[in-house]
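Structure record follows, encoded as structure tokens.
Whatever order the structure lists ligands and atoms in, that order sets their numbers, starting from 1. In this text, all values refer to a predicted model and were calculated from it rather than measured experimentally.
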Amino acid sequence: MNIRHLKNPFEDVTDLFVLSTRKTDYCIGIIYDEGYVGHIYYGKKLTGHNFSGLVRINEYPFGKAGKEREKCSFHDMVSLEYPSHGIGDYREDCLSVETPEGNSAVLPLYDSYEIIEGKPKIAGLPASFGDRNDVTTLILHCLDRILNLKVDLVYSVFYDNDVITRSVRITNGSNEQIFIKKVYSACLDMDNRNFEALSLHGSWARERHIEKSVLTHNKTIVESVRGESSHQDHPFLALITPNTTQETGEVYAMNFVYSGNFRTGAFLDQFDNVRMFMGINPVDFKWKLLPGECFEAPEVVMTYSSDGLGSMTRAFHDFYRQHLIRSPYLHKKRPVLINNWEATYFEFDTGKLLDIARRASELGIEMLVMDDGWFGKRNDDSCSLGDWTVNEDKIKGGLKALVDEVNRLGMKFGIWFEPEMISPDSDLYRKHPDWAIHIEGREGIRSRNQYVLDLSRQDVCDHVYEQVASILRSANIEYVKWDMNRQLTDIGSAYLDSDRIGELFHRYVLGMYSLQDRLIKEFPYLLLENCSGGGGRFDPGMLYYSPQIWCSDDTDAVERLSIQEGTALIYPLSCIGAHVSDCPNHAVGRTTPFETRGHVALAGTFGYELDITKISEEDVNMIPEQIDMYHRYNDLVREGDYYRMDSYLDNHTHDCYGVVAKDKNEALFTYVQVLGRVNYKGRRIYLKGLDSQKEYTVDDGETYTGDVLMNAGLLIPEMSGDFRSRLIHLEVKNG
Ligand code: DGJ
């Protein structure tokens, strides 16, 4: 049983719910007859189920909490599942409202429960899925009896994955409208174990670098108010015990299945207890709920590991591959593509593209992707977003002729769009200036010379969809790169009433999701790659629509080590967009060997992004070999278990990570010697994840048992120079 319910298990607790995964337990207790939804325990699986000592009501600092207790202090210390605003819990709360009278307090208390085999969908939002064999769902129906506000706390337990997902539904059961001003999706109260907070921070071209900080009474906040999950902060937070490594230490992690404004954080309260939370960012959020209406908050994915970060990583990877990513390409090799962005930027035409395609097809590249600049009159980033008609001055003879010719070369064809945007210099803007997100009378803030379309409007969504779909219907286009190159400002809408402007950020995200959903329904075999100025919207929400996301506009092999390490901390390698590009690298100006660029891109979807008609013959000659490598190893990279040995982020000298097949008969490790050293014979790497008893043959022909490779290590000879790399392939012969 994944979920057990016990009636009156111990004093003051009327109902106990135990949610079990293979290695963890999560316990919720309904406290007192009023029905406070208390948090009792989350962590390593327990054998007994007497948790009476864990219900924190008897630790009440101002005397024993009883019927006559002083409620304010009680609310401010008890461990809760979903603390609410205005009733004396002065720690961070999860829910706040505005009633017609202008009041903000709300107190949802337990009413009843429901257990469902399987998992209900969340309307209009991406969410994990599973059938009755994979997942069981507990819904705690709570009620604020004064406001007639129903609050459903939804917990879905994925036993085999060691994952519990959480979301919340708010229904207005009254006869009056009410505003939701804040609605988080998850909260976790627990004892402090000297936790550190681990988050992913970055910037454009430097996304998702791992950061750690000590948890104190000052709140650690990770958030986006930019309208997208963002390059800068990531909808992920883990609390880790001191000195947590890949194999040791406790980890509590939350990841948000949402692509807009989010807020997550953790802190110690006055009694040094920890509260961790995650949800939609309340900044600029205010949702009008009419009588009978329901608001569904996005999902949080939670996992706990008692054996370090590596287990957390593999739990997320498996969970997303099994229960979030839906694409028919999920378990398939993606075509090796060549994208013309870093090759030509805006300066291309049919002739140039075909030159690249001809050379590419000879080398074994399987798809040409035409990036930004093929539409309207776009020759730089100053115009034409919204005018999705082919620029026949560049694409001579039209799109179909180009696609057909690329197909004749034996290659597939892919195309770039930025559907959510509108250039002030576009026919669309001249016709519909009110379709941009804007504030009447205030000149819009331009970013990359563009505005954002108001996707809260159905008419705008319909128009955008038809523009994109008609291009896709016009030729044999098998891949779309869906880009988004600016963040939101000037939050105003010509369509929403003034008391609904607080809905715009969230409605924008819902509109964008609805567009992607329509697209993959009409074109089920389209390979969709999301992108946002590189990796500005790389989150679980987008993975529900596309099996891969462009990871970063920084394609430098060394920078990518850190970016890909942070990304792979949560997301499977199968979804990390990675290409070999030209040197000196366009983002950082660094020159790295072509071979190293290939090795680093292998830990992702793999492709090229450079002008192969111009690079050296030596580099060109390496391409067929790299493509061979991709075909040889991609099944393993896409489906295997990820292990990290060494991190360049920590040691500033070298990096090493690998993928081990589920049956442990094959493994591929990548070693990058970032900086060369004098007079060293090499570096010993202690491999991980192997079967200690199995005999592995390394590519040099030597055979070692797994325990030798993991405990005594494998010597990687020093290579002369910086930025050198080596792949280490291991195989159990006759395994
Ligand atoms: C940002 C993307 O990340 C790039 O790869 C490229 O598509 C440009 N936008 C095009 O404008």
| task | May I ask you to check if ligand 1 and C531 share an N or O to N or O distance below 3.5 Å? | result |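 No: no nitrogen or oxygen of C531 is under 3.5 Å from one in ligand 1.
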| Any N/O pair D371/ligand 1 closer than 3.5 Å |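 There is such a contact, yes.
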| Going by the angle between their ring planes, with limits at 30° and 60°, are W435 and H463 parallel, tilted or perpendicular? |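 Geometry flag for H463 against W435: perpendicular rings.
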| Aromatic ring pairing F285/H506, orientation class (parallel under 30°, perpendicular over 60°, tilted between) |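 If you compare the ring of F285 with that of H506, the planes turn out perpendicular.
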Taking distance alone, no hydrogens or angles, what donor-acceptor pairs closer than 3.5 Å link side-chain atoms of residues 562-580 to residues at least two apart or in another chain?
unit_1 : atom_1 : unit_2 : atom_2 : d
Q564   : OE1    : R560   : NH1    : 3.0
Q564   : NE2    : V600   : O      : 3.3
E565   : OE1    : S647   : OG     : 2.7
E565   : OE2    : S647   : OG     : 3.2
T567   : OG1    : R208   : NE     : 2.9
T567   : OG1    : I563   : O      : 2.7
Y571   : OH     : H234   : NE2    : 2.7
Y571   : OH     : N255   : OD1    : 3.4
Y571   : OH     : N255   : ND2    : 3.4
H579   : ND1    : E609   : OE1    : 2.7

| query | Which atoms of ligand 1 have any heavy atom of W550 under 4.0 Å away? | reply |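 Here the atoms of ligand 1 in question are 3 (O), 5 (O).
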| message | If the cut-off is 4.0 Å to any non-hydrogen atom of G533, which atoms of ligand 1 fall inside it? | response |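 By the 4.0 Å cutoff, the relevant atoms are 1 (C), 3 (O).
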| query | Contact between R448 and ligand 1, counting heavy atoms under 4.0 Å? | reply |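 So R448 counts as touching ligand 1.
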| said: When you measure from the heavy atoms of K481 to every atom of ligand 1, does any distance fall below 4.0 Å? | reply: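 True for this residue.
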| Mode of N485 contact toward ligand 1 - side chain, backbone, both, neither (heavy atoms, under 4.0 Å) |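 It is the side chain that gets close, since no backbone atom is under 4.0 Å.
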Identify, for [atom], the protein heavy atom at the shortest distance, and state residue, atom and that distance.
atom                    : value
atom 11 (O) of ligand 1 : D372 OD2, 2.7 Å
atom 9 (N) of ligand 1  : D483 OD2, 2.7 Å
atom 3 (O) of ligand 1  : D553 OD1, 2.5 Å

| field | Carboxylate-amine/guanidinium proximity below 4.0 Å for K400 and D404 | value |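 Here K400 pairs with D404 in a salt bridge, since their nearest N and O are under 4.0 Å apart.
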| query | Do NZ/NE/NH1/NH2 and the carboxylate oxygens of D462 and R518 come within less than 4.0 Å? | reply |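 Looking at R518 together with D462, the answer is yes, because their closest N to O distance falls below 4.0 Å.
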| query | Where the side chain of N261 meets the backbone of G227, is there a donor-acceptor pair that is under 3.5 Å apart? | reply |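 Yes: the side chain of N261 pairs with the backbone of G227.
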| query | Does any donor atom in the side chain of E522 or Y465 lie under 3.5 Å from an acceptor atom in the other side chain? | reply |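 Y465 and E522 do have a side-chain donor-acceptor pair below 3.5 Å.
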